[in-house]
Amino acid sequence: MSLLTILLISIYLISSNFSNKNEAKTFSFKETTIDDIHIAFKQNKLTSRQLVEFYLSEIQRSNPILKGIIEVNPDALFLADKADQERKLNASKSLFRLHGIPVLVKDNIATKDKLNTTAGSLALVGSIVPQDAGVVKKLRNVGAIILGKATMTEWAAFRATNLSNGWNGRLGQALDPYVASADPSGSSTGSATSVAANMVAVALGTETAGSILSPSSANSVVGIKPTVGLTSRAGVIPISHRQDTVGPICRTVTDAVEVLDVIVGFDRDDFPATKKASTYIPHGGYRQFLKADGLRDKRLGILKDFFGYNDIKTYQQHFNTLRQKGAVLVDNLVIPYTDLVYNAIVVAQNIALSAEFKMDLNAYLKHLVHTQVRSLADVIAFNKISPLEKLKEYGQDIMLEAEKTNGIGKLEREALRNITKACKYGFEKMMKENKIDALMSPGAGIADHLAIGGYPGINVPAGYDKTGAPFGISFGGLKGSEPTLIEIAYGFEQATHIRKPPPSHPQ
Ligand SMILES: *[C@@H]1O[C@H](CO)[C@@H](O)[C@H](O)[C@H]1NC(C)=O
Ligand SMILES: *[C@@H]1O[C@H](CO)[C@@H](O)[C@H](O)[C@H]1NC(C)=O
Ligand SMILES: *[C@@H]1O[C@H](CO)[C@@H](O)[C@H](O)[C@H]1NC(C)=O
Ligand SMILES: *[C@@H]1O[C@H](CO)[C@@H](O)[C@H](O)[C@H]1NC(C)=O
């Protein structure tokens, strides 16, 4: 070999080495989307290992302050290497769009791996779940990597009325990544804050009454609260099978919709709810509703006095934008049977949830392979002797009330009847008579209306207040109206592009 050849080969090796490094550098990790990642994988500009390493370094840097992630999966890098290998071998699995992409799941969603599933409670540390939750099975089937567990308000806030949003006995208080003193909201706190702070791109949250929509609003991210039953609740630490639902929290409507497409559908372990709701799933999935002209001719309802309080100027601007994009705003709506609806939300809902929580939680705990608590009574007893001062300070009044219930009796039946009536003659009547495609609210204002009927909603970032704390706008509709809500949410997002990442340290 001549000296020249060696020289040329050396130059080639050095430059190709360089260009590889440059390529990895040209991939922009911050605010990246599923589509960006998928394309970078396909073009060999990024590996799952690089992606997971990036998130692990961000978690190492930010999580000690933000406390968004309660546990990191010790197998994350191993799973990333496996995904990279599958892609190299062109395995059919690697064609899925979530293949090799890290996902954070709320700590009340079971994973049968090295991660604990605890709803933030010390009482469940070390417990062993029988299997992956239904939604986790669906994620793994398409090759997604479970990066870890997101922190949450302990027991999804169903422990004490005065529990601080984003606090639990295991990790303490999660912070809002934008403004440290702001309320990070809950109960899917870590799912929203971790996505907002670029510690991950995709997360799952759960909602019983506001727990996806509200933290999404507070952290400038997109959250979808699906129709109850559209996503499986099997393996999710429950509050109520009547209201609980699992949904995606991401930075863009498109990403949230991609994840929704993966997690919806029948699960024999959540029967009959997932069978019934599967009739809502459109042929060809949800991505087809990401339409540039999604707002055209949409009738958007606004409840009387609903936008009166916070940042009315920003919302007025948004209303103008929505009209410019072809939407019709129907203002001053009043939900009929106001008293009945008020009773359903404020009184009847709590009566029903209280009894359902005890039954559903006891059933969940019974099915665990190993645990030190087998019933709500055991959890209450554990909380009483817990050494954590905060646990004592916060109390457990909601759990104590729930423990007093005894199944669905006369009072609960009356409450459930009231709820059914309020939904049918209140929300549904108003939506149908006024031909409303979506009801809008500042933040998660409509969450309770959606909660009691199992209706879907989507939150999209809408602005930042004087302190820099984010707020969103929510769109809610009738059961199975996800296609329409997606068109509206995407149309609004594309017309406004409000989301921006938080500062590198919360202000
Ligand atoms: C990978 O497999 C798909 C089908 O499974 C095929 O269409 C494609 O051409 C393959 N690519 C390579 C590089 O082998
Ligand atoms: C799960 O909890 C156990 C305590 O029982 C702990 O040793 C372990 O590190 C936890 N797992 C993870 C992944 O943090
Ligand atoms: C929370 O409520 C309990 C009673 O359930 C009370 O003892 C405690 O002082 C309250 N804590 C805070 C921080 O408000
Ligand atoms: C049900 O509604 C009726 C009429 O509004 C009310 O008087 C009653 O207290 C409600 N009961 C429950 C359990 O919510």
Side-chain angles (χ1 to χ4, degrees), residues 52 55-56 59-60 63-64 67-80 102-129 132-133 136 145-152 154 168-172 190 194 199-200 209 237 240 242-243 335-357 368-373 382 386-388 401-402 404-427 429 448-449 451-453:
V52 167
Y55 287 134
L56 292 178
I59 291 167
Q60 205 165 38
N63 205 48
K67 295 188 179 173
I69 296 175
I70 193 164
E71 280 185 13
V72 172
N73 190 349
D75 291 332
L77 282 171
F78 167 80
L79 293 169
V103 177
L104 189 68
V105 303
K106 188 175 175 179
D107 190 42
N108 60 352
I109 301 175
T111 55
K112 183 81 177 157
D113 50 18
K114 290 180 184 151
L115 295 158
N116 294 285
T117 303
T118 71
S121 172
L122 289 160
L124 282 177
V125 175
S127 66
I128 299 171
V129 300
D132 278 337
V136 171
I145 295 169
I146 304 300
L147 183 66
K149 290 282 170 75
T151 201
M152 57 185 284
E154 192 173 311
N168 63 57
R170 290 188 60 202
L171 193 61
S194 305
M199 291 195 281
V200 71
I237 300 175
S240 155
R242 189 179 47 78
Q243 289 189 199
I335 299 187
Y337 290 95
T338 311
D339 292 347
L340 184 67
V341 172
Y342 182 80
N343 163 273
I345 287 174
V346 177
V347 182
Q349 180 179 204
N350 289 332
I351 291 170
L353 289 180
S354 197
E356 290 162 344
F357 177 56
L368 290 175
V369 174
H370 169 81
T371 173
Q372 56 181 331
V373 287
F382 177 93
S386 171
L388 263 184
E401 277 307 305
K404 285 185 205 154
T405 65
N406 198 4
I408 303 296
K410 192 164 170 282
L411 179 69
E412 288 78 15
R413 268 195 297 276
E414 186 183 310
L416 289 169
R417 266 201 306 275
N418 279 5
I419 290 172
T420 307
K421 252 202 264 177
C423 290
K424 187 169 172 200
Y425 301 113
F427 182 74
K429 187 162 189 271
D448 273 319
H449 290 286
I452 57 170

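The analysis underlying the following values was restricted to heavy atoms, covering all of them including side chains, and did not include hydrogens, waters or symmetry mates. When a ligand or atom number is given, it counts from 1 through the structure's own listing order.
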Take the angle between the ring planes of His449 and Phe427 and call it parallel below 30°, perpendicular above 60°, tilted in between. parallel
Proximal atoms of ligand 2 relative to Lys114 (non-hydrogen, under 4.0 Å): 11 (N), 12 (C), 13 (C)
Considering all heavy atoms of both residues, which atom of Ala402 and which atom of Phe357 are nearest to each other, and what is their separation? CB-CD2, 3.9 Å
Quick check on contacts: which atoms of ligand 2 are under 4.0 angstrom from a heavy atom of Asn116? 1 (C), 2 (O), 3 (C), 8 (C), 10 (C), 11 (N), 12 (C)
Return the set of residues passing side chain to side chain donor-acceptor pair (under 3.5 Å) with Glu412 (not counting sequence neighbours), or none when no residue passes. none
Show me a pair-per-line table, with atom names and distances to 0.1 Å, of protein N or O atoms that are under 3.5 Å from an N or O of ligand 4.
from, atom 1, to, atom 2, distance (Å)
ligand 4, 2 (O), Asn418, OD1, 3.1
ligand 4, 2 (O), Asn418, ND2, 2.3
ligand 4, 11 (N), Glu414, OE2, 2.7
ligand 4, 11 (N), Asn418, ND2, 3.0
ligand 4, 14 (O), Asn343, OD1, 3.3
ligand 4, 14 (O), Asn343, ND2, 3.4
ligand 4, 14 (O), Asn418, ND2, 3.1

Hydrogens and angles aside, do Lys404 and Ser354 bring a side-chain donor and acceptor to less than 3.5 Å of each other? no
Sequence neighbours excluded, which residues qualify as side-chain contact (heavy atoms from CB on, under 4.5 Å) partners of Asn73? Asp75, Ala76, Leu79, Asp113, Leu115, Ile146
Sub-4.0 Å atoms of ligand 2 with respect to non-hydrogen atoms of Gly126: 5 (O)
Going through the distances and angles, do Glu71 and Arg170 end up as a salt bridge (Lys or Arg N to Asp or Glu O under 4.0 Å)? CA-CA 10 Å; Glu71 280 185 13; Arg170 290 188 60 202; 2.6 Å; yes
For Arg242, enumerate each residue passing the side chain to side chain donor-acceptor pair (under 3.5 Å) test, keeping only those at least two apart in sequence or located in another chain. Glu356
Is there a side chain to side chain contact (heavy atoms under 4.5 Å, CB included) between Leu147 and Tyr55 once you walk through the steps? CA-CA 9 Å; Leu147 183 66; Tyr55 287 134; 4.1 Å; yes
Mark up the atoms of ligand 2 that fall under 4.0 Å of a heavy atom belonging to Val125, in ascending order. 2 (O), 4 (C), 5 (O)
